[in-house]
Amino acid sequence: MPEWQATLDALQALPEIGTEAPVGYGGMTLGTATGLLLTAIEPRITAATFGGVFVYEALTEAARQITIPVEFLLPWDDEEINRQSGLALFDACASKEKALHAYPGRHIIGLI
């Protein structure tokens, strides 16, 4: 995750952003895998949205360390990612402020 932390450093060094601007994270699938791991160790991230990811132990462990407000997106009819694993990842998140948004549809919205 050092490359993502270096990206945050570079962005916060810009005068139009600075260190006072809030930092959030949002991602689906691979973006969630990266984001969970990053959010678990990066105190500058103050809110995040995750969803649609294959769950494995490292992600579950990362979720257990996340205490910031989070939103999880769960495509209910996902043919690729098991609904139960998405619910388990949501449950593993240690945040007291978390929301789960399940919606009808597939993993890849807009494709027929």
Side-chain angles (χ1 to χ4, degrees):
M1 298 291 101
E3 64 279 4
W4 288 105
Q5 290 175 304
T7 300
L8 266 176
D9 292 341
L11 288 169
Q12 289 185 324
L14 298 172
E16 61 270 25
I17 296 177
T19 59
E20 299 303 314
V23 177
Y25 185 92
M28 286 287 285
T29 315
L30 183 55
T32 288
T34 301
L36 281 165
L37 299 171
L38 177 63
T39 302
I41 63 167
E42 180 50 67
R44 293 177 286 185
I45 298 173
T46 58
T49 299
F50 304 114
V53 67
F54 289 104
V55 178
Y56 53 93
E57 188 59 31
L59 294 184
T60 302
E61 286 301 315
R64 290 183 181 125
Q65 298 173 43
I66 295 173
T67 59
I68 62 169
V70 295
E71 174 184 54
F72 280 79
L73 305 175
L74 182 62
W76 204 245
D77 304 309
D78 193 329
E79 68 280 357
E80 297 178 29
I81 299 173
N82 178 297
R83 162 185 323 170
Q84 289 306 115
S85 66
L87 293 170
L89 189 60
F90 173 77
D91 286 341
C93 183
S95 177
K96 294 193 185 316
E97 292 183 63
K98 60 184 180 178
L100 175 69
H101 294 281
Y103 56 90
R106 301 172 52 209
H107 182 73
I108 302 171
I109 297 173
L111 294 182
I112 296 174

> In terms of heavy-atom contacts, does CD of Glu20 have more than 12 from other residues, nucleotides or ligands at under 6.0 Å?
Replying inline: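 No - once you tally the heavy atoms of other residues, nucleotides and ligands closer than 6.0 Å, there are 12 at most.
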>> Tell me whether Glu97 at atom CD has more than 12 heavy atoms from other residues, nucleotides or ligands lying less than 6.0 Å away.
In response: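 Atom CD in Glu97 is not packed in, count stays at 12 or less.
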> Between Thr39 and Val70, does a side chain to side chain contact (heavy atoms under 4.5 Å, CB included) hold up when you go through it step by step?
Replying inline: CA-CA 10 Å; Thr39 302; Val70 295; 5.7 Å; no
>> Apply side chain to side chain contact (heavy atoms under 4.5 Å, CB included) to residues Thr34 and Trp4 and explain how you reach the verdict.
In response: CA-CA 9 Å; Thr34 301; Trp4 288 105; 3.4 Å; yes
Least distance between heavy atoms, [X] atom then [Y] atom:
X     : Y      : result
Trp76 : Pro104 : CB-CA, 4.4 Å
Glu42 : Leu8   : CG-CD1, 3.7 Å
Arg44 : Val23  : O-CB, 3.2 Å
Ala48 : Ile68  : N-CD1, 4.1 Å
Val55 : Ser85  : CG2-O, 3.4 Å
Ala58 : Leu37  : O-CD2, 3.9 Å

> Under 3.5 Å, is there a donor-acceptor pair between the side chain of Thr32 and the main chain of Gly27?
Replying inline: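 Such a contact is found between Thr32 side chain and Gly27 backbone.
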> Cluster question for you: counting only ILVMFWY and a side-chain heavy-atom cut-off of under 4.5 Å, with indirect links fine, are Leu30 and Phe50 together?
Replying inline: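 No, separate clusters.
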> Same cluster or not: are Tyr56 and Leu38 linked, directly or through other Ile, Leu, Val, Met, Phe, Trp or Tyr residues, by side-chain heavy atoms under 4.5 angstrom apart?
Replying inline: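 Cluster IDs for Tyr56 and Leu38 match.
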> According to the interplanar angle, ranging from 0 to 90°, do the rings of Phe72 and Phe90 count as parallel (below 30°), tilted (30 to 60°) or perpendicular (above 60°)?
Replying inline: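 Taking Phe90 first and then Phe72, their aromatic rings stand perpendicular (interplane angle over 60°).
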Rounded to the nearest 0.5 Å, what separates atom [atom1] in [X] from atom [atom2] in [Y]?
X     : Y     : atom1 : atom2 : value
Cys93 : Ile66 : SG    : CD1   : 5.5 Å
Thr7  : Glu3  : OG1   : CD    : 7.5 Å
Leu74 : Ile81 : CG    : CD1   : 9.0 Å

>> For Thr67 and Lys96: C-alpha separation, side-chain torsions, deciding distance, then whether side chain to side chain contact (heavy atoms under 4.5 Å, CB included) applies.
In response: CA-CA 7 Å; Thr67 59; Lys96 294 193 185 316; over 6 Å; no
Hey, are the side chains of [X] and [Y] touching, using non-hydrogen atoms and a 4.5 Å cut-off?
X      : Y     : value
Val53  : Thr29 : no
Leu73  : Met28 : yes
Leu89  : Leu36 : yes
His101 : Glu71 : yes

>> As a quick check of understanding, evaluate side chain to side chain contact (heavy atoms under 4.5 Å, CB included) for Thr49 and Tyr25, giving each step before the final call.
In response: CA-CA 6 Å; Thr49 299; Tyr25 185 92; over 6 Å; no
> Sequence neighbours excluded, which residues qualify as side chain to side chain contact (heavy atoms under 4.5 Å, CB included) partners of Gln65?
Replying inline: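 Result, side chain to side chain contact (heavy atoms under 4.5 Å, CB included) vs Gln65: Ala40.
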